[in-house]
2 protein chains.
Amino acid sequence: MGAPYHQFCPVSKAMELLDERWTMLVVRELVMGSERFNDLRRGLPRMSPTLLSRRLQQLERAGIVERTADGGDVRYRLTEAGEELRPVVEAVGAWGTRWIGELGDVDLDPKLLVWDMHRSVDVAAIPEGRTVVQLQFPDAPRGQRDWWLVITADETDVCDVDPGFDVNVSISSSLHTLTSVWRGDLEWGAAVKSGSLQVDGPAPLRRAVPEWFTLSVFAGVPRPAIR
Amino acid sequence: MGAPYHQFCPVSKAMELLDERWTMLVVRELVMGSERFNDLRRGLPRMSPTLLSRRLQQLERAGIVERTADGGDVRYRLTEAGEELRPVVEAVGAWGTRWIGELGDVDLDPKLLVWDMHRSVDVAAIPEGRTVVQLQFPDAPRGQRDWWLVITADETDVCDVDPGFDVNVSISSSLHTLTSVWRGDLEWGAAVKSGSLQVDGPAPLRRAVPEWFTLSVFAGVPRPAIR
DNA sequence: CGGTATCCCCGTCGATACTG
DNA sequence: CAGTATCGACGGGGATACCG
């Protein structure tokens, strides 16, 4: 817990827990369904493992997270109280979507983008068998330009080295463009049309690929009217 | 703004602004209707004026607050973006109400309680003319035990010295009891019955006084079922 | 009323390395 | 995979005084 505010208002009491750096993002990852320490880390790559560990302990003490260890299989799950933070995360995210449109270059991160996209794969829309989507970000730092999503009915794997399978669809885009599409700031079709996002592969798959990803949960938030 | 998270997620971008200490409480005060620097201070008595000033400037830069100075009359008001933080504050407060029931003695503060109550006076329920409610907290620190609310149709004044008017109703309560009633953790009737809250004055006014205050906006939040 | 100026401390966080 | 250990810097924020 953070420093106390010495106020009885429930907003103050809640924020004593929630306003520490990273805490809300840890909750966000849990709300998104990550349960394991290293999965949480992948969604929070700039957070040190020490701090993640401390935050998880704090959340556990606060009754928001339950840690279970079944043998070596450690899981962090939201309790009922934690699950009720979902509306808070949603309200914050909706507000951020509407009022913080501009992204700086430092906000762009191919690791995070691919990790997020892998979580939003709509298996129902994916062809039978194994589907391999290659992602290329020519403007990303060396070593973070090439990614592969290996999608089956059971799971989606993220690879930063060529897994060796045949690629079904290859997407090449600037980091900013695909991030904008993911966030719902830019439509897929507009990105393709402008040339900043290219899709390679058989025509039926090229047409289908936008359906394969449900995008960010906030992509559908209506934006403020232009004034 | 706080330190950047280097994430494109709208939750991260929003929390860069909102997770700094005190920021959400400043927004809460603005949502509750305070507009002037010293009114904000009364709702945030443990916050230094320097820090309040800095937070207001940050919120202004972020497009959440608009500062207007009409002569010497300075006002801080929420912009449209700021007004849309109301659902965030409400979600946080509702969560806190449900899941952080226990208050420590350090959370109790007569200044704050009286200030909050003065904002929740339901003028429609108050008798015509001037109504003076005396509040007494025998267990509060010296100098913070006696308060008076001077209520007219136009405004409610908070006094920590006897304003000299005849008192219509006098309420005596432990700090914890009246705070609990205010928060909706304890019903007025139950507090009276238990003897920890006493009301003095003419019988009709004694019966009417619970209607004079609408209590905390979170008082009506349903509590989790006991398990 | 509506703020600034200053000062110093302490705690948080970041970075890195390492372990069962 | 799931964390701990260590350490240093920095800067946020608390306290207090003061000003227009």
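Computed from a predicted structure; not experimentally measured.
Atom pair Phe37(B):CZ and dC19(D):C1' shows a separation of 14 Å (rounding to whole Å applied). The interatomic distance linking Arg75(B) (CZ) with dG3(C) (C1') rounds to 16 Å, in whole Å.
Each of Ala3(A) and Val74(A) has a nearest nucleotide on DNA chain D; the 5'-most of these lies closest to Val74(A). Judged by closest nucleotide on DNA chain C, Tyr76(B) is the one of Gly2(A) and Tyr76(B) placed further toward the 5' end.
Residue pairs that meet the salt bridge (charged side-chain N to carboxylate O under 4.0 Å, His left out) test with at least one member in residues 30-40 of chain A, sequence neighbours left out, are Glu35(A)-Arg75(A), Glu35(A)-Arg77(A). Contacts classified as salt bridge (charged side-chain N to carboxylate O under 4.0 Å, His left out) and involving residues 156-175 of chain B (residues at least two apart or in different chains) are not found. Each salt bridge (charged side-chain N to carboxylate O under 4.0 Å, His left out) pair with one or both residues in residues 97-115 of chain B, not counting sequence neighbours, appears once here: Lys13(A)-Asp107(B), Glu84(A)-Arg98(B), Asp109(B)-Lys111(B). Residue pairs meeting the salt bridge (charged side-chain N to carboxylate O under 4.0 Å, His left out) criterion with at least one partner in residues 116-138 of chain A, sequence neighbours excluded, are Glu29(A)-Arg119(A), Asp116(A)-Arg119(A).
Within residues 50-57 of chain B, the residues approached by DNA chain C to less than 4.0 Å at the level of any non-hydrogen atom are Thr50(B), Ser53(B), Gln57(B), in residue-number order. A heavy-atom distance below 4.0 Å to DNA chain D is reached by these residues of residues 7-36 of chain B, ordered by number: Arg21(B), Trp22(B). Less than 4.0 Å separates DNA chain C from at least one heavy atom of each of the following residues of residues 38-49 of chain B: Asn38(B), Pro49(B).
In the model, Gln136(A) has no side-chain atom that pairs as donor or acceptor with a side-chain atom of Ser172(A) under 3.5 Å. Looking at Gln57(B) and Ser53(B), their side chains do bring a donor and an acceptor atom within 3.5 Å of each other. Side-chain N/O atoms of Ser180(A) and Thr177(A) include no donor and acceptor closer than 3.5 Å. Neither side chain, Arg223(A) nor Thr97(A), offers a donor N or O lying under 3.5 Å from an acceptor on the other.
Applying the ring-ring contact (aromatic ring centres under 6.0 Å, His included) criterion to Phe213(B), with sequence neighbours excluded, gives no partner residue. His118(B) meets the ring-ring contact (aromatic ring centres under 6.0 Å, His included) test with Trp115(B); sequence neighbours excluded. With sequence neighbours left out, Arg67(B) forms a side-chain hydrogen bond (donor to acceptor under 3.5 Å, both in side chains) with Tyr76(B).
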Table please: side-chain donor-acceptor pairs of residues 40-52 of chain B below 3.5 Å, with sequence neighbours left out.
unit_1   : atom_1 : unit_2   : atom_2 : d
Arg46(B) : NH2    : His6(A)  : NE2    : 3.3
Ser48(B) : OG     : Leu51(B) : N      : 3.2

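Contact check for Val31(B) versus Glu90(B): no side-chain heavy atoms found under the 4.5 Å cut-off.
From one end of the helix from dC1(C)-dG20(D) to dG20(C)-dC1(D) to the other, with five pairs defining each end axis, the axis direction shifts by 60° (rounded to 10°).
Contacts of Arg67(A) with the nucleic acid, taken as non-hydrogen atoms under 4.0 Å apart, involve only primed sugar atoms and P, OP1 or OP2.
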